[in-house]
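Letters A, B, ... mirror the listed sequences (proteins, then strands); counts begin at 1. What you are looking at is a predicted structure, and each value in this text was computed from that prediction instead of being measured.
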Amino acid sequence: MNNMTSQQRKLVYLIGIIVLLIPIIWLSLPSDGKNKPGGVLSQLRSQYELGESDLGDVDASSAAMNLVLLGMRGVAVNLLWMDLDLQKDMKRWAEMQATTESIVRLQPHYEKVWDFNGWNLAYNTSAEWDAVPDRYYWVKQGAKFLKRGVERNKRSTELLYRTGKVIEHKIGYADESIDYRRYFLSDPDPAFNKGPDPTINPEGKDNFLVGKEWFDLACESELTRPQHILDRSLFRATPARCQFDYAQSLQKDGKFGEETRAAWEQARKDWTEVYGREIYHAQIGVEESDIRLEMTEEEIKQVAGNPDDELRVRRAVDAYQKMTNYRYWRTRAFAEAEQDTAEAHRSIFEAKQAYKAQEFDNARKAALSGMEGFDKLLKRPEYAILVEEDLLCEECLLGWKIWDDIYKVAGEKIPDEFPLKWLLELKQGNEQLMASVNKQFRRLFQDNR
Amino acid sequence: MYFDPAENFIYPPYAIYNWMIVAGFFTAVVLVVSLLTLLVSKGSSGFGVFFTELIGMLKDVFSLSPRRIWALTRLTFMEAYRRKALAVFVVFGLLFMFAGWFMGDSKEIQPDQVKVYISFVLTAVSWLTLPVVLILACFGIPEDIRLRSIHTVVTKPARRIEIVLGRMIGVSMIGWLVLSVMSVVGYLWIVRQIPQASQELLKCRVPIYGLVSFKDREGNYGKEGINVGDIWAFRSYIEGATKSRAEWRFFNVDETMLDSEGNLRLENSFSAFRSYKGDMTRPLFYDIKLFNIEHPEISYTTQPQPVNEFRSKQDIIPRKVTVDDVQYDILNDLTTKGSDKVPKGILGIEVACIDRDQYIGMARSDLFIRMPDRPFWVGYWKAIFGTALTVLLVSMIGVAASTMVKAPIAAVLTAVMYILSGKNPHQFMDQLVAGQVQGGGVLESVYRLVMHLGPSTELPANPAFTVVQIFDSILMNFLWLCKQVIPRSQYFNMPEYVANGFDVPWATSLIPSLLVTSAFIIPCVMMGYFALRTRELESK
């Protein structure tokens, strides 16, 4: 040991503490937010946007929890995840939600945690409930959870996309989508007085339009913060695709007036004038060039620079168009803007309604009218591409199925020639499409017999 | 509820009989080993020493002084106070100040959220109290020995058994004090957190359960229904529009089970499973048939009722029911009248699923006769009583362990015993002992790990593996022995009842918990005393 007295030793410790404090204070000097940038740590934090407030809204409880746990956060989180899994298996939903809350307090900036749990609530938990309003409650919980994730992680492009996806896809395309879409506008919870839940739908819009807003935000964010979910060309198509979904949903709801026409027109603009004019990079020759999905001849020549590269530019554009199904949707948007198309949709819709009401004569007439309308439309050379895709064909064949079934029910002979016969023959071998048509027919009508 | 309370039923005479066998055997082993040790170390004079010590011990046991025990209890209490054991209130205060932040918005409270609030309070109270008790129990005596302050006690006319008892009671009292303060605050916190409009959610339902059996689609009896693929196979499912049924038998059904208006209240929490979605806006339906098990033709079937999944649903059956213009009295006509073969008061209830190709799931505890509710505080304080028993148990085990080994080891031993006392560890140990766990015992598992052999791979039959298996079976038997002295804390799981809105039952929770705690009193005190008496207190 040494010969120092206790008091001397304490003095030495004090001096040591002061000496060590000087660099610590210098390094961690806080910024005043305006003039003084603060110490080195503060400057680096601002430079790399690592501060809590840079990442998103600061949750005091979350920050306190993380500090209190010191180095044990990982252990605590693991235990909570195990609990979550068990509670999910045992269908202890309230506890599961509470555990989810605790996990996000401990991992507030771990995007996958928000993503996984939001999905879990909206897709898995909702499916465990039997009553549709209960299912919708959990879908909403998932969407709200993801929305909170966005608020806590403002730099996350992917969470913006996921939020939009739940609102667009889960609400718009679930088996219960008719009810979900209705609930999105008029919530079954009496607390909302038959209005929408303002947390996810403050302006009372259609779910596809709200989804589109989220996808717009995601695309805006994607310009500075890349995402890893989809190919960029597909990712940037999502807002416009949402507009298409909206227009189609109006038709499904039996709306064929100005509102639907305007929705298709907007979809066409979004597709060709906004999405089609987005810039993508393609390897043309030795250099990377900017191309667009919608390019004029002049633009192609300008990008190519020489006749050899023109072909390469066309190929690159074609590849992108095929990947995003660009030409189909462009043609579809033009076709849907025509009055005859709207009438054909209306006729098929009326056929469904009449068939449901067992008004077979009216149903047969309406179905035939719809089939004639689509027959005329699809035979036009400029819309030939619509036959290549199953989407519109499914509706056409559903109309035929109703028409055909009424003949069978009545015990009458089906005419040798009928509209869309060529389409039926063409698609007869497409098992997936025919199964889908049959399934829709069964689910929609057969129970009503 | 996610468990069947009947799993925790203990038949007290049988439990006491078993305890006497184990305790007697254990005492005999201790005495024989002690005698042999003395004979080996001291030769024939060992006999004298053995009997002198034995008589001394018995004298100590029969001359306990409550005054001295109380003095030692107070000493333990004061010591714990000086060691700032009550600082746990600071943590408790902090936890409850900010707990509301983690629990969601109480304006939008859902029935399920009440469950979370109650669970949180009861869990927090026990998780804050038990570590304090564990540390005080395990560090008290070893610290006294280390600091030699124990000499100030043992040189007085206090007997060592009184030191052990004083420690156990003192530590428990500190735990109970902490527990009571936290419980009162916790109770007020729950009541304050739940909005006035939702206060009716704070209740204690009193269920009467029956016994269930299932019938398959052909109408044949079986223990279970259909598994629809749930990972958690707690509920069995019955198929709609077939002869598949869930059949309950309720015993001793009499007028006390009717409500004030003379109705029989049946409550269920059935689960729905659709094999196809169909019309999602239409719920699945079930009906309930009440019947006389001696004369099944005397029955009454309710109208189809919708399943209210994950929530409770009540079916109120009037006492007098009419079937085809014939009036039946549920108690007189549908319950058994009593004979040589069938006891009196058995009511048969059959549940059927109405919808074709759809399924309704249920467990035994999913249908019960609901008696009048009790106030929330009844169940709450019963649950706190359960935690108080756990405090006593931990302090007894901790003090007993601390007389034998050093403080940190005693703390680890007690903590491990507490962790292993849960339902899942006991189940795992049961499976291990019964040879139901694939992969074999310790040595076999090590061999498989080293050789990269899966648990289902057959091992070659040769003498080496026979030896391995014999060694493993010896270890397994030792594990079986250890398992018998590890308490089963599943009986103390009272917060689950309260959180799910049920009263804590005596038969399946309070009495088993009391029995388990009582079972440890004499062994722990005697072990502690024996160890302290035979221990050289000069040795640190």
Residues which pass ring pair (Phe, Tyr, Trp, His ring centres under 6.0 Å) with B:F214, listed by chain and number, not counting sequence neighbours: none
Pair B:K313 + B:E267, salt bridge at N-O below 4.0 Å: no
Chain A contact via B:D230 - side chain, backbone, both or neither, heavy atoms under 4.5 Å: side chain
Chi angles and distances behind the ring-ring contact (aromatic ring centres under 6.0 Å, His included) call for A:F145, A:W119: CA-CA 9 Å; A:F145 185 83; A:W119 176 277; over 10 Å; no
Residues that B:I354 engages under side-chain contact (heavy atoms from CB on, under 4.5 Å), provided they are two or more places apart: B:F285, B:D287, B:P304
Contact origin within A:D130 toward chain B - heavy atom pairs under 4.5 Å: both
Toward chain A, the part of B:R235 with a non-hydrogen atom under 4.5 Å: neither
